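Whatever order the structure lists them in is the order used to number ligands and atoms, beginning at 1. Everything quoted here is computed from the prediction, not taken from an experiment.
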Amino acid sequence: MRLKDIKSPAQIKNCSPAQLNQLAAEIRQFLIEKLSKTGGHLAPNLGVVELTLVLHKLFDSPKDKIIWDVGHQAYIHKILTGRMDKFDTLRQYKGLCGFPKRSESEHDIWETGHSSTSLSAAMGMAIARDLRGLDYYIVAVIGDGAMTGGMALEALNHIGHEQKDIIVVLNDNEMSISPNVGALHNHLGKLRTAKHYKWAKEEIEYLIKKIPAIGGTLARTAERVKDSLKYLLVSGIFFEELGYTYLGPIDGHNVSELETCFRQAKRTKGPVLMHVVTKKGKGYAPAEADSDTWHGAGPYKIESGELIKPVEGPPNYKDVFGQAMIELAERDERIVAITPAMSSGSGLNPFAERFPDRFYDVGIAEQHAVTMSGGLAVEGMKPVCAIYSTFLQRGYDQVIHDIVRQNLDVCLAIDRAGLVGGDGETHQGVYDIGYLRMLPNIKIMMGKDENEFRNLLYTALHLKGPTAVRFPRGNGVGVPIGEFKLIEVGTWEMLEKGHHVAILAVGPMVQLALKARDQLAKEGLKPYVVNARFIKPLDEKMLKELADQGLKFLTVEEHAVSCGFGSAVLEFFNEQGYEHITVKRLGIPDVFVEHGSVAEQRREVGLTVENIVHHVKQLHLRERKVQRA
Ligand SMILES: Cc1ncc(C[n+]2csc(CCOP(=O)(O)OP(=O)(O)O)c2C)c(N)n1
Ligand SMILES: CC(=O)[C@@H](O)[C@H](O)COP(=O)(O)O
Ligand SMILES: [Mg+2]
């Protein structure tokens, strides 16, 4: 059986361990080659090759449900389920999604992207299965990082309580993106090395059963001995006490051992926790050596493991943020940085090295990160909670209930604010203006470039009360970085004066607006261009001045149009009694934006220079019609 022949999992049902190992080698080679061109989550996938093969050998997907938590490690699942030929389009516009996608395959039973949802979904599926009297297996594959996510523990608790037949495969590679954190992680560390426990348990049972006559009675006593042995020899007692049959630790690269344990799990009633130990990045030396970097890597040179860096351009916002945080923390010892498991992605590793006791990676625990920031603030510290816009959604109640309601000095450094590219729908940072601006006390801001971003961060840390400083994924504009300076809250920057139309642009959209103005100038049209760097509070003074000139407005934001910045402007004019004002809002319409490049995504939703030009002209036309009427 060769990999190129596989179109369906049915073809591997009778593979021997040797054949599975041969396929594993071919799959690794395939992944290393394909991802050297497309980039992607190489290390997580190299770690689950054997696991995925054995799962699809022993379970009958899609009748049996296999759920992939986070789903960034589902490439082999996609290869085995007939999508191998699409890997040249991985994470590209209209190409293969980097996460499970129901529209791609019946084998993708549950869509993921955000972490720690698999167990809750599995529980829902199990209840439905049992209510209908149906009979199939439900397997949830969840990493040790994802297991630190609060909702995973909520589901683990509930499944154990209900004693549902669910197989939880804990893929333990000791890594989240960075080294995993937490007490649970430490407990798993003991289990990983608890090989002797599994041997001792079987050996003792074997010896007892050999004792003639009293063997039976003693065996029952031994059961208690075995249980106490468990406590002594460290076992999955944490899981056993939650009502699971713990199987492990299991070598996640040994297909025979995996098969044996999965067969045992299939025979076991009630919830099973299979503790599978794997190596993240297995089979590719650079990824094994540094699975943090290779968690989600861009294209690379296979032989050297050298990442192919884009042409040297402006600094990446995450590096600008990390550097600014160091400079600010040097000035103010109250500053503490918090990240929910995104220390590399947020650019905070240098900060962590410089201020180890003022840096906290709390694991995949956004709710905890936000409220912990509140705890720091009430005690006079200056917490900066660095959190991707999309992941902040996971801590929203904490923002309301704990931070803004108590009007605490917490700075939410909202990273990846806007369209994010290859991660697609589940990761777009396009809702936070909407879900934050309705909250009292909070101030929301976004710079037009990296220098202004720094100044807004500096300003936020000088303000009382909660602040949200948004910044996009990717590189800045390439402007000089000056000394920190305060920016007056609620003031916008008038970049260009003109007539008839005012373009109010947020963040990176300012650059598009300026380019559009250059194009319009060739046709004698000169709209105002305003850098709307405060989303809350709005610059009401400027809005009134412009409105009183009878201008029409075009708002531009890389955010959902509904409830976005443009809506705030509309609401303002309405409340101020400007009944005949025209506001055209450009932003993301009522759709989820799929994976692709940011440029392609912007084009898809109309966030382009051309579309800004078009709408300014439209507004001019309306002006002329009004004048003629
Ligand atoms: C709610 C949420 N927070 C953060 C992330 C970012 N993230 C993606 S994968 C990952 C680490 C997952 O670690 P683990 O579950 O152990 O999987 P591994 O990559 O080790 O296979 C993180 C933090 C996410 N996808 N969802
Ligand atoms: C799978 C996941 O959620 C993370 O790996 C995410 O893809 C990181 O995004 P960035 O690449 O923007 O840091
Ligand atoms: Mg892990």
Side-chain angles (χ1 to χ4, degrees), residues 39-49 51-52 68-76 91 97-100 111-119 140-152 169-182 184-185 188 192 252 275-282 287 291-298 316-318 339-348 361-370 386-396 415-429 471-474 595 598:
H41 289 95
L42 180 65
N45 281 281
L46 289 174
V48 296
V49 177
L51 174 59
T52 309
W68 299 92
D69 202 288
V70 180
H72 62 316
Q73 80 295 54
Y75 296 0
I76 300 98
R91 292 161 53 90
C97 180
F99 303 100
E111 295 189 5
T112 40
H114 279 198
S115 161
S116 316
T117 64
S118 62
L119 302 190
V141 181
I142 182 168
D144 53 314
M147 191 62 98
T148 63
M151 68 181 287
V169 181
L170 173 56
N171 171 35
D172 178 10
N173 54 23
E174 301 183 66
M175 296 296 287
S176 186
I177 293 178
S178 309
N180 201 3
V181 297
L184 178 61
H185 166 67
L188 290 175
R192 277 182 220 109
H275 180 193
V276 177
V277 178
T278 62
K279 174 73 178 167
K280 197 165 182 176
K282 181 145 178 95
S291 64
D292 186 336
T293 301
W294 291 87
H295 169 85
N316 191 296
Y317 265 98
K318 71 178 187 178
T339 174
M342 301 308 285
S343 54
S344 299
S346 64
L348 281 172
D361 174 353
V362 298
I364 306 180
E366 286 81 5
Q367 298 174 339
H368 170 57
V370 172
I387 189 162
Y388 289 20
S389 166
T390 190
F391 300 145
L392 180 59
Q393 293 162 192
R394 194 55 75 80
Y396 184 45
D415 191 350
R416 277 43 171 201
L419 294 165
V420 297
D423 279 334
E425 282 179 21
T426 52
H427 285 61
Q428 305 294 13
F471 55 107
R473 185 177 197 272
H595 49 283
V598 170

Next on the checklist: One pair to check against side chain to side chain contact (heavy atoms under 4.5 Å, CB included): Asp144 and Ser176. What are the steps and the verdict?
Outcome noted: CA-CA 7 Å; Asp144 53 314; Ser176 186; over 6 Å; no

Next on the checklist: Measuring from atom 3 (O) of ligand 2, which candidate in His41, Arg473, His427 has the nearest non-hydrogen atom?
Outcome noted: His427

Checklist entry - Any side-chain heavy-atom pair from Asp415 and Ser389 closer than 4.5 angstrom? => result no

Checklist entry - With a 4.0 Å cut-off on heavy atoms, does His114 reach ligand 2? => result no

May I ask whether [X] places a heavy atom under 4.0 Å from ligand 1?
{"X": "Ala43", "answer": "no"}
{"X": "Met342", "answer": "yes"}
{"X": "Ser176", "answer": "yes"}

Checklist entry - Taking it one step at a time, do Thr390 and Gln428 satisfy side chain to side chain contact (heavy atoms under 4.5 Å, CB included)? => result CA-CA 6 Å; Thr390 190; Gln428 305 294 13; over 6 Å; no

Checklist entry - Looking at Asp423, which atoms of ligand 2 are within less than 4.0 Å of one of its heavy atoms? => result 6 (C), 7 (O), 8 (C), 9 (O)

Next on the checklist: So if I count the atoms of ligand 2 from 1 in the order they appear, which ones are less than 4.0 Å from some heavy atom of Phe391?
Outcome noted: 3 (O)

Item to check | Asp423 and Arg91 ion-paired at < 4.0 Å | outcome: yes

Checklist entry - Is a side-chain N or O of Ser346 found less than 3.5 angstrom from the main chain of Met342, in a donor-acceptor match? => result yes

Checklist entry - Taking N or O atoms only and a 3.5 Å limit, does His72 qualify as a polar contact for ligand 1? => result yes

